[in-house]
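A short worksheet on the structure shown next.
For ligands, and for the atoms within them, numbers begin at 1 and follow the listed sequence. In this chain, numbering begins with 1 at the start of the sequence shown.
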Amino acid sequence: MKIRELIKTFQPYKVLEGDYKIWLDKNENPFDLPPEIKEEIFEELRKTPFNRYPHITSMPLREAIAEFYGVSPKNVAVGNGGDELLSYLIKLFDGDYIVTTPPTFAMYYFYAKLNGIPVVEVPLNERFIMNGDEIAEKSQKASIVFITSPNNPTGNTQPREEILKVLDTGAPVVIDEAYAEFSEKSYIDLLDEYENLIILRTFSKAFSLAGVRAGYLLASEEIVDALYRIKSPFSLNVLTMITAKVMLNHYDLVMERVNYIIKERERIYQEFKEYAYPSEANFLLMKLDAYEFLLERGIVVRKLDGRLQGHIRVTIGKKEENDELIKVLKEFVENVADI
Ligand SMILES: *Cc1c(COP(=O)(O)O)cnc(C)c1O
């Protein structure tokens, strides 16, 4: 038996187990669903036969999402998390490589590597803004281009004029909007104009459903149709489909919580302005080498490496969690940080 070399050298997630009291490392929503909404979901589940396979192309959820955005279900694909959709997008189009804009989301690399597809990187500049001209140049031979806006882990959105430069090449472009609900900016409107645009969204962040695993994309009929030709037929189970559908009917609550998180984000940002980057997501990137210091005090955040070595990414939590974070980080800045 010989395990493939790439599997030995690459692992997307490190498992951290331990008795930590505050988890601010995975950009999860700090709020679970309220009991009434869970009851509503259970009520729907009671009516659902579990012995039958789910709809083969997840039509019930695609229809609900289509209605939400005022598009056709033929322009919507859903996956077992946004991650599953990324795994298909990576291999859907012809081309020599994919294009990414580091520092960015690790899963583009994971699926490219797993499929033996080379990655061409066009780094973000010092303010984490993309270089539209250079990406456009590289996109000629690319199968697909990944742009993340708001970007993970930097938190900023990308400017429209840079995005248009890439879209105008005609190459398939994913704008990963996993955090768009926390931002004022979305590029969904560009779908009317660009057949090569794919908008990726998820229920994991704003909708509080990270544990349920549901993501979706909006794109041209041609792209959605192609994707369903290669997609695992039953990967989206009925439990997920029902739960996501119910949550779409509670968008008021979702946005109420989003506004709470944005307020908290700005409160933490104001406290650490010197070290934090402005964010339009549910996390803050900070130039503070405080990972171990926080961990020893029971707070888990994301430690970054490479170009962002010495930085942490902190998910915005509940007010009490953020209070504790602010307290401990202030201690770090005052006593430990060598600035
Ligand atoms: C969280 C995230 C996703 C999707 O996550 P899923 O939980 O798989 O839906 C996609 N892109 C980025 C940049 C993310 O941070």
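Ligand 1 has an N or O atom lying under 3.5 Å from an N or O atom of Thr202, backbone or side chain. An N or O contact shorter than 3.5 Å links Gly82 to ligand 1 by distance.
Aromatic ring orientation, Phe272 versus Tyr275: tilted (interplanar angle from 30° to 60°). Aromatic ring pairs are classed by plane angle as parallel below 30°, tilted from 30° to 60° and perpendicular above 60°; the pair Tyr251 and Phe68 is perpendicular. Ring pair Tyr108/Phe105 is perpendicular by interplanar angle, where above 60° counts as perpendicular and below 30° as parallel.
The shortest distance between side-chain heavy atoms of Phe182 and Pro150 does not fall below 4.5 Å.
Using a 4.0 Å cut-off between a side-chain N of Lys or Arg and a carboxylate O of Asp or Glu, Lys263 and Glu266 do not qualify as a salt bridge. We find that Lys303 and Glu292 are joined by a salt bridge, their nearest charged nitrogen and carboxylate oxygen being less than 4.0 Å apart.
Taking a cut-off of under 4.0 Å to the non-hydrogen atoms of Thr148, the atoms of ligand 1 that pass are 13 (C). Residue Gly81 has at least one heavy-atom neighbour below 4.0 Å for each of these atoms of ligand 1: 8 (O), 9 (O). The Ser204 neighbourhood of ligand 1 comprises atoms 6 (P), 7 (O), 9 (O), with distances under 4.0 Å to a heavy atom of that residue. Near Ala178, with a cut-off below 4.0 Å to any heavy atom, the atoms of ligand 1 are 2 (C), 3 (C), 10 (C), 11 (N), 12 (C), 14 (C).
Taking 4.0 Å as the cut-off, Gly215 does not count as a neighbour of ligand 1 on heavy-atom distance. Between Arg213 and ligand 1 there is a heavy-atom distance shorter than 4.0 Å. Distances shorter than 4.0 angstrom do not occur between any heavy atom of Asn27 and any atom of ligand 1.
Nearest protein heavy-atom neighbour of atom 2 (C) of ligand 1: Lys205 NZ, 2.5 Å. From the protein, the heavy atom lying nearest to atom 11 (N) of ligand 1 is Asp176 OD2, 2.6 Å.
For Tyr179, every heavy-atom contact with ligand 1 shorter than 4.0 Å involves the side chain, none the backbone.
With distances taken over non-hydrogen atoms, the option nearest atom 5 (O) of ligand 1 out of Asp83, Thr104, Val212 is Asp83.
Taking the centre and axis of the six-membered ring of Phe293, the NZ or CZ atom of Arg297 falls inside the cone set by 45° and 6.0 Å.
The distance between the ring centers of Phe283 and Tyr179 falls below 6.0 angstrom.
Under the side-chain contact (heavy atoms from CB on, under 4.5 Å) test applied with Ile223, the options Leu92, Asn75, Leu197 reduce to a single match, Leu92.
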